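The block underneath contains the structure these notes are about, expressed in structure tokens.
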Amino acid sequence: MKIWIGIGLLLMLITACSPQDDGKVQTFDLDKIAARHSGKTTVAESNVFEGKTLQISPEDGHNGIIIWEKGDKQDWTKANYLVFEIYGKKEFSGVINIEFYKEMKDFKAEKIVLQSGEISGTEEDQPWISSLMGILPRLKTQVVFPLSYLDAQNLFVPRSPRQLKGTVSGNRLDPDDIIKVVLRFGPYYDPYFLPEYEVASISVTDSIPEAYPPIETPIVDKLGQWKDKEWSGKLKGEEDMIARNKALENELKMPADWSRYGGWTEKRFAATGFFRTHHDGNRWWLVDPEGYAFLSTGVDCISHASSGPVNGIEDLFDWLPEPGDPVFGEALNTNRNRQSMDFYITNLIRLYGEEWKGKWTSTTEGLMRKFRFNTVGNWSSLEFARESKIPYVLQLNSFPSTEVLLYRDFPDVFSTEYQTNSVKFAGQLTTYKNDPYMVGYFLRNEPQWAFGYHNLAYEMFATNQQSVTKDEFIKWVSARYNQDITAFNNAWELDLKGFDNLKSMTFKEYPSATADKDFYEFSTIMVKMYVDIPCDEVGKVDNNHLNLGMRYAWLSSDLLYKAGERFDIFSINGYGINPPPTEEIARISGKPIMIGEFHHGAVDRALPATGIIGVLSQEDRAAAYRNYIEQGFARPELVGMHYFQWVDQPYYGRFDGENYNIGVVTSANLPYPELTEAMTLTNERIYKVASGEVEPYKANLVNIPPIHY
């Protein structure tokens with residue numbers, strides 16, 4: 001869910017705040033939009049904006065508001081951005097889905113399935129492509145969607161000021177083919193979440209609008225807390241934060257029946273000096289370097305960092321350190337003209353002074369052991385992992401790519417460049433190959449090409465860009481039809497003079513059902529190359545550690561099983577009240593399963609968004625953790641589950657705009673007591689649950705729609 005490039009460009013343009021009067025603006029008629037909905041959605045005077053606004057009721061917003069239909073005067077082909085001014089009236093973050101529809105002919109729209117399992121649109125009314133956008137609560141916001149993102153080549157929309165995370169799902173769409181555009185508002189779950197919105201304007205424009213003027217009263221205090229809400233445990237100030245942290249007790253002992261690696265001393269297999277997998281006839285296990293049965297319970301993103309960009313929103317804060325501040329300057333980081341602020345760091349400095357890094361390390365190690373975690377999860381500080389002597393997983397950096405990308409981040413896998421970069425990629429394992437505390441390595445995280453079902457070979461023909469892989473496809477399809485262009489034309493319903501004519505062709509739709517099948521079969525070959533080449537290279541450098549796979553966001557197609565044939569463990573990021581259907585994954589892949597990420601968030605405390613899976617309260621977060629881990633380890637195929645993440649995200653959003661209540665600790669380094677007590681209890685039970693000695697905990701929880709973007 002995590003690293004992407006190019007966020008700064010749009011942000012730089014927006015925050016410049018220079019006049020943009022030279023751009024053409026095509027404004028939508030709010031009265032006409034309201035009239036489409038039989039008076040349910042109304043236009044009325046606003047107490048927030050000047051003049052009249054579109055008043056969005058909870059139910060009508062959930063059902064969706066048609067803002068444009070074919071025949072309306074606005075021309076999508078003559079604009080660069082869709083912009084709407086909006087205000088969410090409730091205490092939780094807003095979620096707005098922008099849905100673009102296309103006229104269906106022979107092929108229906110594929111269901112847009114999001115990471116949480118939600119389906120965009122309805123069963124009867126499926127968008128072709130959609131963008132899920134987040135906004136902060138009770139704050140006037142201009143949501144900016146670049147229409148260039150209709151090409152579906154990018155998953156993440158750059159943030160504009162006050163805008164949170166934006167994502168794109170679905171299939172590429174030519175603006176000429178748009179027949180309807182819908183705004184759908186959330187989160188909606190009666191009676192718990194009934195959002196109301198005001199929309200002051202909607203337009204398509206040539207240029208980015210000028211940013212709003214600063215607000216008069218900041219909404220974030222000097223500790224990084226949201227000022228406009230009260231909750232149980234809210235800090236009264238710096239002295240209160242220091243006093244509460246001093247009260248923490250750090251118990252450094254592992255349970256008595258655990259090995260020094262966190263394995264189970266009551267069950268032992270052959271030791272190899274490194275972690276490995278083993279099936280004992282009943283279930284899969286990891287085996288620690290000493291030979292003890294091991295199940296991995298971990299936390300991701302364990303580091304002393306929780307920053308977010310502040311460009312264009314400086315007015316939201318009571319206090320920000322000046323660049324070069326001798327005490328707090330390290331919390332302010334400027335990279336590529338984007339300035340980020342980290343209140344976790346400033347709070348740690350207030351707690352521990354100049355020795356804050358060392359104190360954070362010892363405190364965090366103590367908390368990890370106190371809560372009975374035996375693994376430092378992905379994206380964590382490797383310095384912390386190696387110093388604390390807690391087993392860890394390694395996220396390899398810079399998965400091999402090529403200058404030419406075929407679709408999203410999918411490289412030109414038949415090129416020599418891909419082979420060369422795979423060799424370089426594998427070299428980073430040299431530092432770790434002899435470390436017994438390393439469980440294994442992830443090749444990469446959540447490939448963007450795997451978000452949703454996408455036929456890679458077909459997407460390669462979205463443009464006439466040339467590549468070695470496209471050349472290989474033409475050779476392959478020529479051989480498939482025995483160099484018979486007539487047979488090929490009949491099957492594909494084309495009229496080509498020769499197979500080489502494919503090199504310059506593009507496809508907006510599949511020319512035939514047979515073409516769809518041919519493209520997909522070659523896609524499986526592309527994916528095999530994508531995995532085999534780097535797997536060959538990492539195996540040459542390090543044959544001591546487990547290949548943990550690619551941490552797929554979810555299994556969007558059978559292509560991902562093809563990509564998993566070379567892994568020792570099939571890893572997936574599984575968001576839900578219960579783990580995903582791992583029995584099926586293990587049966588198809590033949591591998592044990594590790595869940596690289598899961599979480600549950602609530603909005604009853606410091607933050608306005610739940611994250612990908614939401615529950616109603618901190619008590620429910622605790623019950624959800626126990627349910628997920630114990631129901632998971634009761635399954636014989638699951639060998640590891642890692643909670644995402646260690647510290648809460650910032651109120652104003654991390655680099656991509658996520659601002660979720662998903663931390664084990666707050667940004668003041670204070671554990672959530674309900675959650676951590678549950679973690680301690682369940683983590684001590686995992687081996688007895690896995691061996692069938694005790695029944696797994698099961699909770700009956702309200703799974704609310706996720707407040708995420």
Side-chain angles (χ1 to χ4, degrees), residues 102 104-113 126 128-129 151-153 155 169-173 404-415 418 446-485 487-494 496 499 501-503 505-533 550 552-566 570 572 584-585 588-589:
K102 174 183 177 179
M104 299 299 132
K105 295 179 182 177
D106 296 331
F107 297 94
K108 294 183 178 180
E110 293 159 353
K111 289 182 180 180
I112 300 175
V113 181
Q126 287 290 320
W128 191 258
I129 189 171
D151 68 2
Q153 291 291 327
L155 287 181
S169 301
N171 303 283
R172 51 187 160 93
L173 176 62
V404 170
L405 296 176
L406 306 181
Y407 173 66
R408 293 183 180 169
D409 58 354
F410 197 93
D412 190 2
V413 291
F414 280 90
S415 68
Y418 189 64
E446 296 184 348
Q448 292 187 17
W449 61 265
F451 274 68
Y453 168 80
H454 298 286
N455 190 327
L456 293 169
Y458 166 70
E459 295 296 346
M460 180 170 61
F461 282 85
T463 71
N464 60 10
Q465 173 183 253
Q466 299 305 301
S467 65
V468 181
T469 304
K470 185 175 283 189
D471 292 341
E472 290 296 322
F473 172 79
I474 294 170
K475 292 178 187 176
W476 176 85
V477 79
S478 174
R480 186 174 181 82
Y481 286 89
N482 298 313
Q483 286 75 46
D484 186 342
I485 192 64
F488 173 74
N489 282 334
N490 289 338
W492 278 48
E493 299 177 16
L494 296 174
L496 302 183
F499 286 98
N501 293 140
L502 280 169
K503 289 188 70 169
M505 290 198 69
T506 61
F507 296 99
K508 287 174 61 174
E509 293 181 347
Y510 294 105
S512 71
T514 301
D516 184 354
K517 293 177 183 177
D518 288 346
F519 276 134
Y520 186 82
E521 186 163 338
F522 192 76
S523 294
T524 65
I525 297 171
M526 292 166 64
V527 168
K528 182 172 173 56
M529 294 286 289
Y530 175 80
V531 172
D532 280 353
I533 292 172
M550 295 195 180
Y552 296 121
W554 73 98
L555 290 177
S556 54
S557 79
D558 288 343
L559 290 174
L560 305 191
Y561 286 115
K562 173 63 67 175
E565 292 175 355
R566 294 292 301 276
F570 199 104
I572 183 170
E584 178 184 6
I585 298 170
I588 296 173
S589 70

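Here the structure is a predicted model, which means the values were calculated and not measured.
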**Study point:** Intermediate values then yes/no, side chain to side chain contact (heavy atoms under 4.5 Å, CB included), T524 and L559
**Key:** CA-CA 6 Å; T524 65; L559 290 174; 3.6 Å; yes

**Item:** Stepwise side chain to side chain contact (heavy atoms under 4.5 Å, CB included) check, Y418 with V468
**Value:** CA-CA 11 Å; Y418 189 64; V468 181; over 6 Å; no

Could you go through the side chain to side chain contact (heavy atoms under 4.5 Å, CB included) check for D518 and Y510 one step at a time?
CA-CA 11 Å; D518 288 346; Y510 294 105; over 6 Å; no

Apply side chain to side chain contact (heavy atoms under 4.5 Å, CB included) to the pair K102 and E509, showing each step before the final yes or no. CA-CA 12 Å; K102 174 183 177 179; E509 293 181 347; 3.4 Å; yes

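Proximity of P411 to Y530: side-chain heavy atoms (C-beta onward) are separated by under 4.5 Å at one or more points. In this structure the side chain of L502 reaches within 4.5 angstrom of the side chain of F507, judged on heavy atoms. Two residues are said to be in side-chain contact when any heavy atoms from C-beta on lie closer than 4.5 Å; F570 and L555 meet this criterion.
Residues E493 and P511 approach most closely at OE1-O, 3.5 Å, considering heavy atoms. Taking both residues in full, the closest heavy atoms of L560 and A450 are given as CD2-CB, 3.7 Å, listed atom of the first, atom of the second, then distance. Among all heavy-atom pairs drawn from N455 and S523, the shortest one is OD1-OG, 2.9 Å. Of all heavy-atom pairs between Y481 and A491, the closest is OH-CB, 3.5 Å. The heavy-atom pair separating Q466 from D471 by the smallest distance is OE1-OD1, 4.5 Å. L496 approaches M505 most closely through the heavy-atom pair CD2-SD, 3.5 Å.
Note: L173 CG to K508 NZ = 8.5 Å, rounded to the nearest 0.5 Å. Between the CG atom in L494 and the OG atom in S512 there is a gap of 7.0 Å [rounded to 0.5 Å]. Interatomic distance, N489 CG to D484 CG, rounded to the nearest 0.5 Å: 9.0 Å. The distance from atom CG of L456 to atom CZ of R408, rounded to the nearest 0.5 Å, is 10.0 Å. Taken from CZ in F410 to CD in Q153, the straight-line distance is 13.0 Å, to the nearest 0.5 Å. One distance of note links CG of L406 with OG1 of T469; it measures 5.0 Å at 0.5 Å rounding.
Listed for the S589 side chain is no donor-acceptor partner under 3.5 Å among the backbone atoms of Y561.
Between F522 and W476, the angle of the ring planes lies from 30° to 60°, which puts this pair in the tilted group. Under the 30°/60° scheme for interplanar angles, the aromatic rings of F519 and F473 are found to lie parallel. The aromatic rings of W449 and Y552 sit perpendicular, their planes meeting at an angle over 60°, well past the 30° parallel limit.
Residue pairs meeting the salt bridge (Lys or Arg N to Asp or Glu O under 4.0 Å) criterion with at least one member in residues 452-463, sequence neighbours excluded, are R172-E459. Among pairs with a residue in residues 519-528, those fulfilling salt bridge (Lys or Arg N to Asp or Glu O under 4.0 Å) read R480-E521, K528-D532, at least two apart in sequence or across chains.
Applying the side-chain contact (heavy atoms from CB on, under 4.5 Å) rule to S478 yields the partners Q483, F499; only residues at least two apart in sequence or on another chain are considered.
Between the side chains of N464 and T506, no donor N or O sits under 3.5 Å from an acceptor N or O.
Y458 and Y407 have their aromatic ring centers separated by at least 6.0 angstrom.
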